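Predicted model only: the values in this text are computed from it and were never measured.
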Amino acid sequence: MTPLHSHCLDLDLHRLDLRFAASRLVEPHAVARLAESIERCGQIVPCIVVAIPGGEDGGAEALVLIDGYRRVAALRRLGRDTAGVEQWSCDLIQALLGVLARAQDRPFASIEQALLLRALMAEQGLSQHEVARRCGRDVSWVSRRLHLLSGLPDAALTAVRGGRLSSWTANRVVVPLARANAEHAERLLAALGGTPLTTRELRCWFEHYQQAPRAARERMVSHPRLFIDTLRATEARRAGERLRDGPEGECLADLRCLEAVIARLRKRLATLRPVPLPLIAAAPRLRTAIDALTTALEREDTHDTDRDPHCGAQLAGAGAQPARDQPPAGPVA
């Protein structure tokens with residue numbers, strides 16, 4: 001929903017009113033890539049501004065930047081003084097709703113959408129139904145976006161806006177952690193401020209956190225980097241052991257696991273009286289699988305194709321003479 005009337009111009013960067021900068025993510029890597037593109041090809045896509053009454057320094061109007069905060073950051077990174085802008089002839093609310101409804105530009109992160117929606121409701125006085133209707137969305141979409149902010153600690157939101165924490169991590173790790181244990185979420189964010197983790201590392205960290213006992217969780221939230229480094233060292237050691245032992249070692253380890261599982265099942269069955277029918281019905285399948293494995297192992301023991309053929313002949317015919325030492329066939333005189 002682009003306004004009917006607009007015109008393009010070059011505008012000094014200092015004239016831009018960046019009042020919605022807090023609703024955009026910084027993302028330094030994206031800004032760097034955009035700066036390289038602008039330096040090579042020039043600014044292709046204009047920024048979007050609208051004029052509203054009551055500008056600073058006694059001016060007649062303020063030119064509010066609606067879309068293009070990354071482009072402005074990239075231009076400043078290059079030391080430029082002006083930006084190509086498209087000025088829409090509409091009010092502030094219509095411009096914000098138009099940006100939310102547009103799909104041809106780069107997609108907004110979910111948290112960016114949530115921040116813009118919150119600004120429309122808190123600062124412009126629109127209801128959820130009115131915002132949904134005017135930007136072509138349903139009310140549930142607006143509600144879901146706003147819900148992203150409801151469980152997000154202020155420190156996490158600041159980290160996301162500053163590009164130090166991905167929006168995926170904020171939604172999938174920090175929010176559920178904060179709802180379960182707000183103190184742990186705060187300690188994790190404080191630790192990440194000094195020793196940040198990548199999104200992949202934080203996903204791994206959270207998967208282990210959900211399975212860890214209480215004492216281990218206390219250490220994990222205080223020293224997330226130490227946990228990840230220790231986990232990597234353990235995985236590297238295990239990989240070295242697997243490489244050293246080869247597939248034979250892996251098979252032996254699996255057999256030991258089977259023995260441990262069977263022993264644990266026998267202990268649990270002792271507490272089940274009567275034994276449930278599904279467990280009894282599983283016994284024939286288990287016996288068949290164990291018998292098949294045992295038969296395969298015994299067969300390989302007697303028909304080992306990798307064994308040295310000369311050794312095999314000696315083992316098979318122990319005490320027998322080689323063929324060339326045998327007397328010729330025929331009647332004995």
Side-chain angles (χ1 to χ4, degrees), residues 1-11 13 15-27 30-31 34 43-56 59-75 83-152 154 157-158 160-161 163 167-168 170-171 175:
M1 123 181 162
T2 303
L4 295 178
H5 303 289
S6 65
H7 64 278
C8 296
L9 67 155
D10 287 331
L11 194 67
L13 292 178
R15 292 192 58 193
L16 293 174
D17 184 333
L18 307 180
R19 66 180 61 186
F20 296 109
S23 67
R24 304 302 175 87
L25 308 185
V26 175
E27 298 181 321
V31 172
L34 187 56
Q43 182 187 346
I44 298 174
V45 180
C47 303
I48 307 299
V49 301
V50 294
I52 63 172
E56 297 179 356
E61 61 182 10
L63 295 172
V64 181
L65 183 63
I66 303 299
D67 189 32
Y69 283 83
R70 278 187 185 174
R71 273 158 277 169
V72 169
L75 289 167
V85 303
E86 180 181 347
Q87 183 175 341
W88 288 356
S89 58
C90 61
D91 59 32
L92 189 60
I93 294 177
Q94 185 180 0
L96 290 172
L97 291 168
V99 167
L100 280 172
R102 295 198 325 169
Q104 65 268 28
D105 292 338
R106 67 104 174 169
F108 279 41
S110 298
I111 288 182
E112 287 181 311
Q113 293 173 331
L115 290 167
L116 279 177
L117 291 169
R118 188 171 69 177
L120 282 166
M121 296 173 61
E123 300 173 15
Q124 307 301 324
L126 299 184
S127 66
Q128 288 192 26
H129 287 79
E130 183 68 9
V131 170
R133 183 184 66 81
R134 294 181 64 173
C135 68
R137 304 281 188 170
D138 54 38
V139 179
S140 64
W141 180 86
V142 176
S143 179
R144 289 195 305 272
R145 289 299 183 272
L146 293 174
H147 187 65
L148 295 176
L149 301 178
S150 64
L152 194 62
D154 292 339
L157 184 56
T158 301
V160 171
R161 285 168 44 195
S167 56
W168 185 94
N171 293 331
V175 168

Verdict with supporting geometry, Leu157 and Leu115, side-chain contact (heavy atoms from CB on, under 4.5 Å): CA-CA 10 Å; Leu157 184 56; Leu115 290 167; 4.2 Å; yes
Check: Leu9 and Gln87 side chains under 4.5 Å, non-hydrogen atoms: yes
Residues which pass side-chain contact (heavy atoms from CB on, under 4.5 Å) with Leu148, listed by chain and number, not counting sequence neighbours: Ser110, Arg145, Asn171
Residue pairs involving residues 122-131 (criterion side chain to side chain donor-acceptor pair (under 3.5 Å); sequence neighbours excluded): Glu130-Arg133
Check: Leu25 main-chain N/O paired with Glu112 side-chain donor or acceptor under 3.5 Å: yes
Backbone of Leu146 reached by a side-chain donor or acceptor of Arg118 within 3.5 Å: no
Check: Ile111 and Leu152 side chains under 4.5 Å, non-hydrogen atoms: yes
Val49 side chain near Ile66 side chain, heavy-atom distance below 4.5 Å: no
From CA spacing to verdict: side-chain contact (heavy atoms from CB on, under 4.5 Å), Trp88, Ile48: CA-CA 7 Å; Trp88 288 356; Ile48 307 299; 3.5 Å; yes
Side chain Gln43, main chain Gly84, donor-acceptor under 3.5 Å: yes
Ser143 (side chain) donor-acceptor with Ser140 (main chain) under 3.5 angstrom: no
Intermediate values then yes/no, side-chain contact (heavy atoms from CB on, under 4.5 Å), Val139 and Val131: CA-CA 8 Å; Val139 179; Val131 170; over 6 Å; no
Residue pair Asp91, Ile52: steps toward the side-chain contact (heavy atoms from CB on, under 4.5 Å) verdict: CA-CA 7 Å; Asp91 59 32; Ile52 63 172; over 6 Å; no
Contact check, side chains of Asp67 and Arg24, non-hydrogen atoms, under 4.5 Å: yes
Reported CG-to-SG distance for the pair Leu63 and Cys47, which is rounded to 0.5 angstrom: 12.0 Å
CD-CG distance between Gln94 and Leu92, expressed to the nearest 0.5 angstrom: 10.5 Å
Reported CG-to-CG distance for the pair Leu100 and Leu117, which is rounded to 0.5 angstrom: 5.5 Å
Least distance between heavy atoms, Leu65 atom then Phe20 atom: O-CD1, 4.0 Å
Leu75 versus Ala83, closest heavy-atom pair with distance: CD1-CB, 3.4 Å
